[in-house]
Amino acid sequence: AEAVLGHTQSEKRSVSLFHTPALRGQLKKHLPVRWNETVGVLHLKVYIVDDELIISGANLSNTYFTKRQDRYLVVRDATVVDLFAQLVSTVAHLSYGVNSDGTMRAPPSGVDPVESSSEFASTLNQRVTELL
């Protein structure tokens, strides 16, 4: 987290950890870590700078910008960029946050995806549907 957040918190950068409401109960308890991704993974790698959006399956690195340019998409449409900014903000609001010291904090929404998975799933569905 420190590599992304630095030593101080910033409104311009953050780390959020989304927990799918489908991974709960006995399934979460008994499914090995390597297999729990089959339940559902949301792995957004979206970088927004001004009116540009980069959607990527890779971390930002020199290699991917110079040798693997097939691994990202650049969007320069303000409407699309704004939609993604709203989507990222919505998902982050429903996700666990990571403090600059690496500790986690509860989702800002107040709805915990582990403790209240049904309420969380309903809230997530409603908020994402509102965006569309």
Which residue pairs satisfy the salt bridge (charged side-chain N to carboxylate O under 4.0 Å, His left out) criterion with at least one member in residues 76-94, sequence neighbours excluded? Glu52-Arg76
With sequence neighbours excluded, tell me which residues meet side-chain contact (heavy atoms from CB on, under 4.5 Å) with Thr103. Asn99, Asp101
In chain order, what residues pass the ring-ring contact (aromatic ring centres under 6.0 Å, His included) check against Tyr96, with sequence neighbours excluded? none
Check whether Val88 and Leu73 end up in the same hydrophobic cluster, where Ile, Leu, Val, Met, Phe, Trp and Tyr are linked by side-chain heavy atoms less than 4.5 Å apart. yes
Pairs touching residues 112-130 that satisfy salt bridge (charged side-chain N to carboxylate O under 4.0 Å, His left out), sequence neighbours left out: none
Hey, mind stepping through Tyr47 and Ile55 against side-chain contact (heavy atoms from CB on, under 4.5 Å) and telling me if it holds? CA-CA 7 Å; Tyr47 308 94; Ile55 303 170; over 6 Å; no
Can you see which heavy atom on Ser116 is nearest to which on Val111, and at what distance? O-CG1, 4.3 Å
Considering only heavy atoms from C-beta outward, does the side chain of Leu17 approach that of Val98 to under 4.5 Å? yes
I'd like to check the side-chain contact (heavy atoms from CB on, under 4.5 Å) partners of Ser95; sequence neighbours left out, ordered by chain and number. Ser16, Phe18, Val91
Just verifying a value: how many Å separate Thr90 OG1 and Leu124 CG, rounded to the nearest 0.5 Å? 9.0 Å
Show the numbers, then the answer: is there a side-chain contact (heavy atoms from CB on, under 4.5 Å) between Leu53 and Val74? CA-CA 6 Å; Leu53 163 73; Val74 177; over 6 Å; no
Residues in side-chain hydrogen bond (donor to acceptor under 3.5 Å, both in side chains) with Thr79, at least two apart? none
Quick one, Val46 and Ile54 - any side-chain contact, counting heavy atoms below 4.5 Å? no
Ser122 (side chain) donor-acceptor with Ser118 (main chain) under 3.5 angstrom: no
